[in-house]
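Quick notes on the structure that follows.
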Amino acid sequence: TLNGFTIQNGQGDYLGGGILLENDFEGIVNIENNIIKDNYANTLGGGLYSWRATGSVSRNIFINNSTNDGGNAARLNNGGINFYNNTLWKNESSSSGAPLYVQYSDHRIINNIIWDNESNDFEYIVVNDSPTIEYNIDKNGYDGTGNISDDPQFYDADNWDFRLGTSSPAINAGDPDLDGDGEDYS
């Protein structure tokens, strides 16, 4: 469990500038309520790189992480991560790589905001298989249930104030049954 930390200024020569879950790590992770910022990986996973972990990555803020190739905020390879309720802001690549790069279909990408104020025309989520990707706000859009591409209307994200404005399209737009127990909270 990694809860309530700031992970910043990390550098990965190849993968995982902020957090690297190595190839031989096959455990269950719980990464929540962290600020993961200003990290760099030479190739993939500026903020987070996971080879094959399972578990949860939720309620984190990924800010200003970068790579040369993609997965600037996070790269999820094999395994099965529930990537829920995260905010990804200004995660850049020198080669137009996506802030979120998802490899395997057992990952679930739900209720995230992936945004910046730049005029980029690249994809913000890139996948190699068919993971569940629902109820996200993705700046340049992503097909799937509940995904929207409307400005989330943060109060002042450039100064790290990610509270939602009163008319934000994110309010009441998340998955009404995120835990899958059949109880609808809409």
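When a residue number appears, it is its place in the shown sequence, counting from 1.
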For side-chain hydrogen bond (donor to acceptor under 3.5 Å, both in side chains), just list the numbers for N72 and S66, CA-CA rounded to whole Å, side-chain angles, deciding distance to a tenth of an Å, and then say yes or no. CA-CA 5 Å; N72 312 321; S66 61; over 6 Å; no
Walk me through whether F154 and L164 qualify under side-chain contact (heavy atoms from CB on, under 4.5 Å). CA-CA 5 Å; F154 294 126; L164 299 173; 4.0 Å; yes
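Summarising the local packing, CG of D161 is surrounded by more than 12 heavy atoms from other residues, nucleotides or ligands at distances under 6.0 Å. More than 12 heavy atoms of other residues, nucleotides or ligands shown are found within 6.0 angstrom of CZ on F162. Residue-environment remark: CG (D156) exceeds the threshold of 12 foreign heavy atoms within 6.0 Å. The number of heavy atoms from other shown groups lying within 6.0 Å of CD1 (I28) does not exceed 12.
A donor-acceptor contact closer than 3.5 angstrom links the side chains of N136 and N112. Under 3.5 Å, the side chains of N42 and N68 contain a donor-acceptor pair of N or O atoms. A donor atom on one side chain and an acceptor atom on the other are found under 3.5 Å apart for Q153 and S167. Judged by distance alone, the side chains of N77 and R52 never bring a donor and an acceptor atom under 3.5 Å apart. Judged purely by distance below 3.5 Å, without hydrogens or angles, the side chains of R59 and N85 never pair a donor atom with an acceptor atom.
Residues Y101 and I133 do not share a hydrophobic cluster, defined by chaining ILVMFWY side chains whose heavy atoms lie under 4.5 Å apart. Hydrophobic clustering of Ile, Leu, Val, Met, Phe, Trp and Tyr side chains at less than 4.5 Å, counting indirect connections, keeps V102 apart from L15. L44 and Y124 are assigned to two separate hydrophobic clusters, defined by single-linkage of ILVMFWY side chains at heavy-atom distances under 4.5 Å. Taken together through direct or relayed side-chain contacts under 4.5 Å among Ile, Leu, Val, Met, Phe, Trp and Tyr, I7 and L20 form parts of separate hydrophobic clusters. Y155 and I137 end up in different hydrophobic clusters when Ile, Leu, Val, Met, Phe, Trp and Tyr side chains are linked at under 4.5 Å.
What you find for N91 and A73 is that their closest heavy atoms are CG-CB, 3.6 Å. I19 and L2 get closest at one heavy-atom pair: CD1-CD2, 3.8 Å. Counting all heavy atoms, side chain and backbone alike, N111 lies closest to L178 at ND2-CD2, 3.8 Å. The shortest non-hydrogen separation linking N60 to N33 is OD1-N, 3.4 Å. Here the closest non-hydrogen pair linking L21 and A53 is CD1-CB, 3.8 Å. The minimum heavy-atom distance between A41 and G17, with the atom names listed, is CB-N, 3.6 Å.
Contact check for S56 versus N30: side-chain heavy atoms found under the 4.5 Å cut-off. In this structure, the side chains of E134 and R108 stay at 4.5 Å or more apart for every pair of heavy atoms. Using a 4.5 Å cut-off on side-chain heavy atoms (C-beta onward), H107 and V127 make no contact. Counting heavy atoms from C-beta outward, N64 and K37 have side chains that stay 4.5 Å or more apart. Residues N147 and I125 are not in side-chain contact: their nearest non-hydrogen atoms beyond the backbone lie 4.5 Å or more apart. Inter-residue side-chain proximity for W89 and I61 is flagged as unmet; no heavy-atom pair is nearer than 4.5 Å. The shortest side-chain heavy-atom distance between L48 and L76 falls under the 4.5 Å cut-off.
The distance from the OH atom of Y142 to the OG atom of S149 is 14.0 Å, given to the nearest 0.5 Å. Between the CD1 atom of I114 and the CD1 atom of I109 there is a distance of 8.0 Å, given to the nearest 0.5 Å. Annotation: the span from T87 atom OG1 to I63 atom CD1 amounts to 9.0 Å, rounded to 0.5 Å. In this structure, D129 CG and Q103 CD are separated by 7.5 Å, a value rounded to the nearest 0.5 Å. Between T54 atom OG1 and N78 atom CG the span is 12.0 Å, to the nearest 0.5 Å. Expressed to the nearest 0.5 Å, how far CD of E32 lies from CG of N34 amounts to 8.0 Å.
Listed by first then second residue, pairs satisfying ring pair (Phe, Tyr, Trp, His ring centres under 6.0 Å) with a partner in residues 8-50 read Y49-W51, not counting sequence neighbours.
With sequence neighbours excluded, the residues forming a ring pair (Phe, Tyr, Trp, His ring centres under 6.0 Å) with F83 are F62, listed by chain and number.
The backbone N or O of V57 sits less than 3.5 Å from a side-chain atom of N86, completing a donor-acceptor pair. Between the N39 side chain and the N9 main chain, a donor and an acceptor come within less than 3.5 Å of each other.
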